[in-house]
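Here is the structure we will look at.
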Amino acid sequence: MTALHDDAPDVAPVLGLDGLSVDFRLGGEWVPAVKGVSFGVRPGEILAVVGESGSGKSVSTMAVLGLLPPNTRRSGGIRLAERDLLRATVAEMLAVRGREVAMIFQEPMTALNPVYTVGEQIVEAIRCHQRVTKAAARKRAVELLTLVNMPEPEVRADSYPHQLSGGQRQRAMIAMAISGDPKVLIADEPTTALDVTVQAEILDLLRDLRHRLGSAIVVITHDMGVVADLADRVVVMREGEVVEEADVHTLFASPRHDYTRRLLDAVPHLGRTRTGAGRRPERAAARDSPADPGGGAADRDTTLVLDDVVLEYPGRLGRRGYRAVHGVSLDIERGEILGLVGESGSGKSTIGRAVVGLLRPVSGSIGVCGLGGRLNRAQRLRLSRTVAMVFQDPASSLNPRASIGDSIAEPFRLHRVLSGAPLTTRVGELLESVELPASWRDRYPHELSGGQRQRVGIARAIALEPELLIADEPTSALDVSVQARVLDLFLDLQQRLGFSALFISHDLAVVETLADRIAVLRDGRLVELGKREQVLHAPKEDYTRDLIAAAPVPDPVEQRRRRTARAGTDEV
Amino acid sequence: MSGFLVRRLGLALVQLVVVASLIFLLVRLIPGDAARAVAGEIATKEQVAAIRAEMGLDRPVWGQFLDFWAGLLRGDLGTSLISGREVMLDLPPRVANSLELVLIALALAVLIGVPLGRWAALRADRAGDHLVTGAGILGISLPVFVLGTLLLLVFSLWLPILPPERFVTIGQDPAAHLRALVLPVVTLTAASTAVIARMTRSSMLETLSADYVRTARSKGLAETLVVRRHALRTALIPVVSITGVELATLIGSTVLVETIFGWPGMSSFLMNAVGSRDYPVIQAVVLSTATIVIAVNFAADLVIRALDPRTEAV
């Protein structure tokens, strides 16, 4: 152990991994996923285990309760108080699970059983370990829901998971996890699936529970902001090994390991220019007024004009549709990047879909380079050359049975622009422009990493040199270090090719690195639209301020100050 | 739930009306002339015309259509053109005999298929699983007429455990009736059991690796309860819808099975009627099978709704 907990340096860890290794059986061979990892968590301490995908952070903690798939083997030791869980019998493990060590999972929508009410699921957890009547367990379940600040706990106990919001679902999950008064809570990416404002509430709740229950909490996360906000101590993992373990302040202030330093550098930090990477300089032409109605967008050089656009998803037969966007007006100038920010359900992706023509506005108009209104076939074809889209998840937006060269060549074939040898050359050039070797054109998506796949997605989008690029959360499925490189690439390409872009994201820090102007959406309405500096540093609207305040920054000192400030305003 | 019930019931009624109307039209598209068939080959043109008028076939189609619906609403399915007997006199016992076969076969398919599929899923890729999967492929690919003939050959002829008997109703001789029931039911149920077992197996394999099953394990719930309460219940949702579909297949198969085993169900009734273009009988038989299929799928949707609170619309 290197860094010790401030308050209780001598307290023995309640849960400790002792040279734990986990191997996966893949294709007849044992492949190591975790290689001799050791760390421990003390009572009342919050330990963060951070790392990028494939670091083994989830596998090593999932191994504690023996929740790994059957094609795995564990060796080493897992100590819970005096016992070694690796050598525990099935019955002993059942008594440990939920009672001494409980888990909170990432995606509460799939982690809760959809066919039982949350109350039933909490009652089940209680009755696993305590001999109580159903009525008593139900009463306790409502108490637990009250404890986790579930609104109307009596009513919500009878709700099914799909009837709750994401934050409420996670509260129910936490209520279930603490039902057995566990000594250790393991939370696997507990806020990754949530909006920032909801994330802030759940992080507050976890912090509060630590004080009230005195449990040790292990938080597995990839988000340095969450680490800075919550953790006392941090374990950094990479490729199945612990690279660094330190007190949270020490880690952020003076990371010792090179990998930790690079990881911290890659994290976009709201309100702070990233070092090394080129943040987009402010454009001289950037305006802070929304599309001015009187001036007429025609005489200005605009690529996209949205005028009072209302968008609806049609309802089922005989039912009202769902109105996702209520009259939004904005425009994008030639060569400008507009960041479209909002939480889930704000309508940001819906606007993206409408701009590429996948959804027709109920009223209002969308004009892309002079193309608007009802389009005939030829115009639609032209629109599909003018606008291109980069999707969120490159793993599902590339055809798994087509080579990446074919995927990139498809727009050329569709529009009969190029074929034969010139097409092959052009595909190679495009691959090189996204910093992939031209020779990779025959590879398939599954042979590529997530970041490489997203580069292919970008290459496909810029293939026909579109005027406007819609990027819908293009980096949210990527690890931070990969995200940083993809964002740099995006900026670089934008500067060379000069396309305009609508960059849709939930992450203000990401938008800050590249947007000229930022539009903030909430519940389908435009809350604020202005220059980047103005929106982020002098927001006019309360909602924008809340959004900025809720996003945790990767700096424990600043984060602590912000939290105190937030608590202060809450009391007022 | 009540809103769902009303909507689903409404849909079932619409289905019935559409199906009944289609049946009326389709039957009139069968090539050939019913009046000519009734009159016989040597009848004169005038005789045929007289018979046609008597049967109402000379009237415009929409007039016949209205008569058809008026009759339906009174519970009158018309009179056989051949025997001159009211269809409602002969049809119900035939339908009952067929339903007996089909429903018992369906119940067995569920009662055997679901536990078998569950058992195989818990042993995925081990010997027991391969045995069930292999037997399932055999059950699905063996045509009913081959299996039926084979069973008849083995159990009635070579090992006369169940010798062929005259059909008796359950009221006349329950034991003999049940004995006669065994082979046709086994023949009918084989393929459906295999389909349901396979569906249960693959559905269970999916739910067993679902996040909420991992959550249930992390609570400290014993494995048998994890499987029963969390993996099986959600896995059954697609199985219930496939069961509704299986019923239609069973009704199709029962025509062959009844012929093989001499079971006095709808099939011989239907085949005679088709041969002699006995429109009212054809309509009545097809309408009753359609009603059964619609009713069972209605029931299946109610079960799904009870299993899965997320089902909101029809």
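Residue numbering restarts at 1 for every chain, and letters A, B, ... go by the order of the sequence lines.
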- [ ] Measure distances from B:Arg214 to the heavy atoms of chain A and classify the residue's part below 4.5 Å as side chain, backbone, both or neither.
- [x] both
Task: Shortest non-hydrogen contact from B:Pro309 toward A:His162 - done: O-CE1, 3.7 Å
Open item on the list: Measuring from atom CE of A:Met109 to atom OH of B:Tyr212, what distance do you get when rounded to the nearest 0.5 angstrom?
Closed with: 10.5 Å
Task: Qualifying residues under ring pair (Phe, Tyr, Trp, His ring centres under 6.0 Å), relative to B:Phe298, sequence neighbours excluded - done: none
TODO: Could you grab the distance from atom CD1 of A:Ile104 to atom OG of B:Ser218, nearest 0.5 Å is fine?
DONE: 10.0 Å
Open item on the list: Are there residues of residues 120-127 of chain A whose heavy atoms fall under 4.5 Å of chain B's heavy atoms? If so, which?
Closed with: A:Gln121, A:Glu124, A:Ala125
Task: Which portion of B:Ala222 sits near chain A, non-hydrogen atoms under 4.5 angstrom - done: both
- [ ] Report the C-alpha separation of B:Thr215 and A:Phe105 in whole Å, then their side-chain angles, then the decisive distance to 0.1 Å, and conclude whether the side-chain contact (heavy atoms from CB on, under 4.5 Å) test is met.
- [x] CA-CA 8 Å; B:Thr215 308; A:Phe105 296 99; 3.6 Å; yes
- [ ] For each of B:Thr234, B:Thr207, B:Leu221, tally heavy-atom pairs with chain A at distances under 4.5 Å, and name the one with the top tally.
- [x] B:Leu221
- [ ] Name all pairs fulfilling the ring pair (Phe, Tyr, Trp, His ring centres under 6.0 Å) condition that reach into residues 106-136 of chain A, sequence neighbours left out, sorted by first residue then second.
- [x] A:Tyr116-B:His230
Task: Heavy-atom pair with the smallest gap, counting every atom of B:Arg229 and A:Asn113 - done: O-ND2, 4.3 Å
Open item on the list: Using side-chain contact (heavy atoms from CB on, under 4.5 Å), reason through A:Val115 and B:Ile237 one step at a time and then give a plain yes or no.
Closed with: CA-CA 10 Å; A:Val115 304; B:Ile237 295 163; 4.2 Å; yes
Open item on the list: Atom CD of residue position B:Glu223 - does it have more than 12 heavy atoms of other residues, nucleotides or ligands inside 6.0 Å?
Closed with: yes
TODO: Would you indicate whether B:Arg228, at its atom CZ, is surrounded by more than 12 heavy atoms from other residues, nucleotides or ligands within a distance under 6.0 Å?
DONE: no
Task: Interface residues of residues 89-100 of chain A facing chain B - non-hydrogen atoms under 4.5 Å apart - done: A:Leu94, A:Arg97, A:Gly98
Task: Contact origin within A:Met62 toward chain B - heavy atom pairs under 4.5 Å - done: side chain
